[in-house]
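Remarks on the structure that follows.
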Number of protein chains: 2
Amino acid sequence: MTDSFTICAADHTDESLARAAEEHLLDGITATHVAELFKALSDPTRVRIIGLLAHAELCVGDLCLVLGMSQPAVSHQLRVLRNLRIVSARKEGRHVFYTLADEHIHDLFHQGLAHIQHD
Amino acid sequence: MTDSFTICAADHTDESLARAAEEHLLDGITATHVAELFKALSDPTRVRIIGLLAHAELCVGDLCLVLGMSQPAVSHQLRVLRNLRIVSARKEGRHVFYTLADEHIHDLFHQGLAHIQHD
DNA sequence: TTAATATATGAGCATGCATTCATATTTTCG
DNA sequence: CGAAAATATGAATGCATGCTCATATATTAA
């Protein structure tokens, strides 16, 4: 990767800032994982689901009712959140109850919400 | 919206949880704004840009060098971040220096990063 | 077992998005 | 002024994504 400094057309004289910044560049895997985490919160439907689960455990049917969305649409979004370990599923009879998997998710959601509402 | 409770096929007997959750449902505008905020961090390239700007102010050329990406690709992502007020631009001669616009962004980024690295 | 309920899943489609390529704009230097 | 450097922007393209529709799976009830 010695030629990474020739990819960009920009070629100003002082490269010191770039050299110093290089050590803070996230590697591809880390950057991708962080992006995936935030991607879970990058859709209004998923934001609403997380907002609801931040206050109470709910089953799929309840989420459908409150969100006013079809069951497959909600289930697909829940699968996204499950795969990213944002929510956990608990099966009880015919129902599957979902909760936030992590206290960090709770914090991230409220921090993002606070930033929007106080802007 | 009185028929919002008939959209989903699921129709179990106890609707109390859904009724109680309804008051915590985010409105469309708020959910969209929160989603947009997190969408800024939902791409690996933007995550890396924010990670770099969390440590130092950098111009476009420096970002191109460190990221190893083309100048238009970086500029387009910077525009996304600018429009969402995630970063601020400061013009100095031919260069445009970018910084994180807000301390909240700094916190959100580090919280997401910590969640990933300590998982 | 058969029917009904609750949820999950796969295919298809329409939209959004991240990049590239080409070009415009702005600033400095000769 | 003209040329070069730094950045921004527009069009085009390939790929991801969020929904709908149809269907599969699992659990309870009759």
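Only heavy atoms go into these numbers, but all of them, side chains included; no hydrogens, no water, no symmetry mates. A note on names: the letters A, B, ... follow the listed sequences, proteins ahead of strands, and every chain is numbered from 1.
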Flag side-chain contact, heavy atom, 4.5 Å: A/R85 against A/D102: no
Tell me: NE2 of B/H95 to P of D/dA4, nearest whole Å? 18 Å
Check A/V87 against A/R82 and note the closest heavy-atom contact, atom names and distance. CG2-N, 3.8 Å
Interatomic distance where CG belongs to A/L63 and P belongs to C/dT7 [whole Å]: 9 Å
Within the 4.0 Å limit for protein heavy atoms, which parts of nucleotides 24-30 of chain D are touched? Write it as a string from 5' to 3', B for base, S for sugar-phosphate only, - for none. --SBB--
Does D/dT20 have its OP1 or OP2 closer than 4.0 Å to a side-chain nitrogen or oxygen of A/Q71? no
Using the side-chain hydrogen bond (donor to acceptor under 3.5 Å, both in side chains) criterion, which residues pair with B/H110? Sequence neighbours excluded. B/H106
Is there a side-chain contact between B/L81 and B/Y98 (heavy atoms, below 4.5 Å)? no
Rounded distance in Å - CG (B/N83) to C1' (D/dT9): 12 Å
Tell me the bend of the helix from C/dT1-D/dA30 to C/dG30-D/dC1 as the angle between end helix axes, each from five pairs, rounded to the nearest 10 degrees. 10°
Is the shortest side-chain heavy-atom distance between B/H95 and B/V60 below 4.5 Å? no
Can you tell which of D/dT7, D/dC19, D/dT9 lies closest to the side chain of B/V96? D/dT7
Grab the CG-P distance between B/L84 and C/dA18 for me, whole Å please. 11 Å
Whole-Å distance separating the CG atom of B/L58 from the C1' atom of D/dT7: 15 Å
Check salt bridge (charged side-chain N to carboxylate O under 4.0 Å, His left out) between A/R79 and all other residues, then give those that pass, not counting sequence neighbours. none
In whole Å, what is the span from the CZ atom of B/R90 to the C1' atom of D/dT7? 15 Å
Does OP1 or OP2 of C/dT7 have a side-chain N or O of A/S75 closer than 4.0 Å? no
CG/A/D62 to CD/B/E22 distance, rounded to the nearest 0.5 angstrom? 11.0 Å
Going by ring centres under 5.5 Å and near-parallel planes (under 30°), is B/H76 stacked on D/dT9? yes
Given the options A/V74, A/L52, A/I49, A/V66 meets side-chain contact (heavy atoms from CB on, under 4.5 Å) only with A/L52
Identify, residue by residue, the members of residues 38-49 of chain B with a heavy atom below 4.0 Å from DNA chain D, and return them in order of residue number, or none. none
Supply the atom-to-atom distance B/I86 CD1 to B/I105 CD1, rounded to the nearest 0.5 angstrom. 3.5 Å
Would one find a side-chain N or O of A/R79 under 4.0 angstrom from OP1 or OP2 of C/dG10? yes
Gap between atoms CE and P, on B/M69 and C/dC17 respectively (whole Å): 17 Å
Measure from the side-chain heavy atoms of A/R82 and tell me the nearest of D/dT7, C/dA6, C/dT9. C/dT9
Quick one: pull up CD in B/Q111 and NE2 in A/H104 and give me the separation to the nearest 0.5 Å. 8.0 Å
Do A/L113 and B/T30 have side chains that approach each other closer than 4.5 Å (heavy atoms only, starting at C-beta)? yes
Classify the nucleic acid contact of A/Y98 as base, sugar-phosphate or nothing, counting any heavy atom under 4.0 Å across all strands shown. sugar-phosphate
Name the atoms and distances for all side-chain donor-acceptor pairs under 3.5 Å in residues 32-42 of chain B, with sequence neighbours left out.
| from | atom 1 | to | atom 2 | distance (Å) |
| --- | --- | --- | --- | --- |
| B/T32 | OG1 | B/G28 | O | 2.7 |
| B/S42 | OG | B/K39 | O | 2.7 |

